[in-house]
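Residue numbering restarts at 1 for every chain, and letters A, B, ... go by the order of the sequence lines.
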Amino acid sequence: MSRAPDAWSAVRGHPWRLLTSAWPWRSLAYLATSAPIGLATLVVLATTLLLGAATVVVVVGVAVLAGIPLLTGLLGVLERRRLALVRPRPATGTSLGERLRAGRRVPVSWAEVGYAVLLSGLLWPVDALVLIVLLSLPAVLLLAPWLRTTDEMNVFGWHLDTALDGVLGFAAGVLALVLAAYLITLLAAAQGALARLLLDPQEARLAAAVAELRRSRIDLVDAFETERRRIERDLHDGAQQRLVALTMTLGRAELEVPEGEGQTLVRAARRQAELALEELRGTVRGIHPRVLVDHGLAAAVHELADRSSVPVTVDITLPDRLPAPVEAAAYFVVSEALTNVSRHSRARRAEVHAWQRDGRLVVTVVDDGVGGADETAGSGLVGLRIRLDALGGRLQVHSPDGGPTEVRMECPCLVG
Amino acid sequence: MPGRLRIVLAEDAALLREGLVGILEKAGHEVVAAVGDAEALLAYVAHARPDTVVTDIRMPPDHSVEGLRAAAAIRADHPEIAIMVLSAYVADAYVAELLDSAPGGGIGYLLKDRVGHVREFLDSLDRVADGETVVDPQVVRQLLGRRRDDGPLASLTDREREVLALMAEGRTNGAIAEALVVSEAAVRKHVGGIFAKLRLDPGTDRRVSAVLAYLRG
């Protein structure tokens with residue numbers, strides 16, 4: 001058995017291995033069978049077309065013509081089987097019985113119709129011609145030592161008379177045979193690839209699988225967002241409320257306790273509760289900023305700019321609110337970028353721009369700092385890149401040494 | 001001083017609601033109703049006609065900005081009622097939304113933590129009941145940090161910005177003079193400068209308009 005996985009790999013592999021493998025023989029079988037099948041298809045298709053066209057006035061013709069996809073579908077079933085000759089893992093598809101039972105309920109596969117037209121109109125005559133030439137020439141040459149004695153022999157203007165001519169002719173025949181084996185395998189491989197391209201529903205299945213994966217990734221991002229929202233709500237309704245209640249109680253106690261060490265301690269306790277509250281507020285903002293939900297991206301980014309230690313100019317022109325996952329991704333990109341500006345860039349100022357173009361949200365954060373930012377070095381941008389990826393967006397960091405640094409994200413405004 | 005206020009309180013967390021009622025009643029105010037959502041708040045305001053409303057922002061059913069929407073509705077229907085909004089957020093978008101509602105009585109935006117400073121909180125409440133605008137100092141501090149290159153605010157001097165920030169906190173000229181250690185006449189001059197630079201119409205409450213301009217940037 002051959003070691004190359006298919007005819008194409010065999011052609012590209014070691015020449016000796018090809019000649020000793022089964023691939024030339026399989027290819028020969030593939031091309032040889034395509035002639036009768038192609039001819040039969042031509043006859044059936046032509047007959048159906050003529051019959052349909054002739055009877056189309058009495059409506060019957062429409063039904064006859066509508067049968068063509070069923071016929072090409074059946075051809076598809078047969079051809080997918082035949083592909084096993086040149087490909088060990090042939091195209092998958094419905095079996096003959098399934099296809100017959102399904103009848104016209106399956107959608108018309110124009111690829112199958114196209115393949116039928118191609119096979120009946122072009123492939124089979126080419127295959128037949130190539131086979132006749134490639135097989136007859138070596139055969140004649142190989143028989144040269146005998147043929148020259150019985151008949152006058154002339155191959156492409158070469159008269160073979162002497163015994164030497166006969167031997168040379170035989171040698172040329174061997175060469176021609178090797179060449180034929182190559183060409184036949186090559187043609188079969190090419191034709192097999194074409195058939196697979198047109199007949200293999202695998203491609204469609206892959207596309208469906210990719211779409212499914214994309215959807216599930218968006219679901220994942222959504223789930224992530226929902227979870228953050230839940231945590232924020234839990235903190236707001238739980239720990240935050242209790243801390244506020246604590247500051248209130250301590251505030252009231254402060255008024256009741258007579259001046260002295262007791263009151264100082266109560267005041268210190270209240271101050272500590274306030275600090276805890278402030279810290280918690282910062283944490284909650286990092287998890288899920290409420291202002292983003294209530295007032296949208298522009299307001300939330302303005303707030304980030306207000307908090308930044310580096311002066312930030314914000315220019316955001318968005319006509320409408322964006323889907324929540326897109327808003328969140330954009331917000332966290334700006335948040336992370338501004339954090340990096342404050343920490344590493346030594347910038348004197350930064351600018352945030354956001355606009356919509358062709359249904360995509362574009363956000364840029366630019367500073368006038370020293371540049372040389374390494375986005376892979378433990379930066380939060382890595383996680384954001386993954387998140388944007390799931391939304392079909394992308395994130396670019398352009399930060400040459402000496403600056404300036406530009407963080408740019410783009411993301412489709414519609415999710416799903 | 002406004003004296004004893006008739007207050008309707010809206011706060012969905014029972015713990016905080018009770019705490020607030022305790023503080024307000026201890027201060028001698030009358031809490032005519034303490035409710036847990038915006039719908040009940042609007043019903044009681046229409047029914048009991050309080051002179052002051054104290055409300056949380058985030059309440060049932062959506063836990064979003066129900067308190068702000070209720071405040072806008074109250075201002076539209078009963079402009080004479082003073083409104084104090086208590087919030088968990090420093091973001092100025094909320095303040096801007098609150099101040100954007102129809103003109104009327106006093107209005108205030110305080111962080112909930114502020115209630116723990118009981119005297120300060122009660123003082124702010126009195127000022128709002130008196131018709132003033134009070135914005136939480138922490139929100140004002142955050143705004144003060146903002147630097148802008150364009151718009152009328154860019155033309156203000158540093159001193160004028162300081163004065164404006166204190167105005168936003170609801171301080172009188174006298175209090176501002178005390179805080180900045182300058183004379184009250186100097187403060188009046190700065191206030192006049194702010195009004196002129198922001199091109200505020202003398203027919204309106206220019207103090208509130210200036211704060212609004214400040215918050216909107």
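Residue Arg290(A) touches chain B through both its backbone and its side chain, counting heavy-atom pairs closer than 4.5 Å. Looking at Val244(A), the atoms closer than 4.5 Å to chain B (heavy atoms on both sides) sit in the backbone and in the side chain alike. For Arg233(A), the parts lying under 4.5 angstrom from a heavy atom of chain B are both the backbone and the side chain. For a residue to count as touching a neighbouring chain, one of its non-hydrogen atoms must lie under 4.5 Å from one of that chain's; by this rule Leu111(B) touches chain A with the side chain only. Heavy atoms closer than 4.5 Å to chain B are found nowhere in Leu250(A), neither backbone nor side chain.
Evaluation of the ring pair (Phe, Tyr, Trp, His ring centres under 6.0 Å) test over residues 232-252 of chain A, restricted to residues two or more places apart or in two chains, returns none. The ring pair (Phe, Tyr, Trp, His ring centres under 6.0 Å) analysis of residues 82-105 of chain B, with sequence neighbours excluded, yields the pairs His295(A)-Tyr94(B), Tyr89(B)-Tyr94(B).
For the pair Glu274(A) and His117(B), the minimum side-chain heavy-atom distance is below 4.5 Å.
Classification of Glu232(A) and Arg58(B) as a salt-bridged pair holds, one side-chain N sitting under 4.0 Å from a carboxylate O.
For Arg281(A), the side-chain hydrogen bond (donor to acceptor under 3.5 Å, both in side chains) partners are Asp113(B), not counting sequence neighbours.
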Are Arg307(A) and Val90(B) close enough, and set up right, to give a side chain to side chain contact (heavy atoms under 4.5 Å, CB included), and what steps lead you there? CA-CA 10 Å; Arg307(A) 272 170 213 294; Val90(B) 185; 4.0 Å; yes
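Separation of atoms CD (Gln240(A)) and CG (Leu16(B)) is listed at 10.5 Å; rounding is to 0.5 Å. Between the CZ atom in Arg114(B) and the OG1 atom in Thr247(A) there is a gap of 10.0 Å [rounded to 0.5 Å]. Distance CE/Met248(A) to NZ/Lys112(B): 7.5 Å, rounded to 0.5 Å.
For Arg346(A), the CZ atom is loosely surrounded, since the number of other residues' heavy atoms within 6.0 Å does not exceed 12. More than 12 heavy atoms of other residues, nucleotides or ligands sit less than 6.0 Å from atom CD of Gln356(A). Within a 6.0 Å sphere centred on CZ of Arg321(A), other residues, nucleotides and ligands contribute more than 12 heavy atoms. The 12-atom threshold is exceeded at CZ of Phe332(A), counting heavy atoms of other residues, nucleotides or ligands nearer than 6.0 Å.
Contacts from residues 23-42 of chain B to chain A, taken as heavy-atom pairs separated by less than 4.5 Å, involve Ile23(B), Lys26(B) in sequence order.
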